[in-house]
Amino acid sequence: MSPLILIAIFIVATLVGYMLIKKVPSMLHTPLMSGMNALSGVTVLGAIAATGIAYKSGSQTLAIIIGFVAIVLATINVVGGFGVTDRMLRMFDKKKKGGAN
C-alpha cells in the first residue's frame, strides 16, 4: 500500500476519533477509557507479534527497536488504564472510611 494512502487513512481516523470523543459527555470519559483497556491489550499483542516476526526474519535493527518501543508504550497505556479504572471504582466504594466497627 502506498505511504500516501496510509497517511490519509491515519488523518481520517484521527479526525473521526476526535469528533466522536468530543461529543461524549465528560462523565462518561473514565468508563469508556476503562473499556478501552481490552483494545489496548490487543495492541500489546500486535506489537509483540510484529516485533517477533521482524526479529525472526532478520530485519533491520531499527524495526526491532521501534517494535520494542511500541510494546513498552502499549504496556504503559494498559497499566495506566487499569490505574484509572481502579481509582474510578474506589470512588464508588461503599465501605466507611474510619469510624467504629
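Position 1 is the first residue of the sequence, and the numbers go up from there.
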### Query
Counting distance only, does the side-chain N/O of Ser57 pair as donor-acceptor with the main-chain N or O of Ala54 below 3.5 Å?
yes
### Query
Hey, what do you get for CZ (Phe68) to CD1 (Ile48), rounding to the nearest 0.5 Å?
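Reported to 0.5 Å precision, the distance equals 11.0 Å.
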### Query
Can you tell me how far the CD1 atom of Ile65 sits from the CD atom of Gln60, to the nearest 0.5 Å?
10.5 Å
### Task
Identify whether Ile66 and Ile53 are in the same connected component of the hydrophobic contact network (ILVMFWY, side-chain heavy atoms under 4.5 Å).
no
### Message
Going by side chain to side chain contact (heavy atoms under 4.5 Å, CB included), Thr75 matches just one of Leu73, Ile71, Val78. Which one?
### Response
Ile71
Mind listing the side-chain donor-acceptor pairs of residues 4-17 below 3.5 Å, one per line with the distance, residues two or more places apart or on another chain?
unit_1: Thr14; atom_1: OG1; unit_2: Phe10; atom_2: O; d: 2.8

### Task
May I have the step-by-step check of side chain to side chain contact (heavy atoms under 4.5 Å, CB included) for Thr43 and Asn77, ending in yes or no?
CA-CA 10 Å; Thr43 305; Asn77 190 26; over 6 Å; no
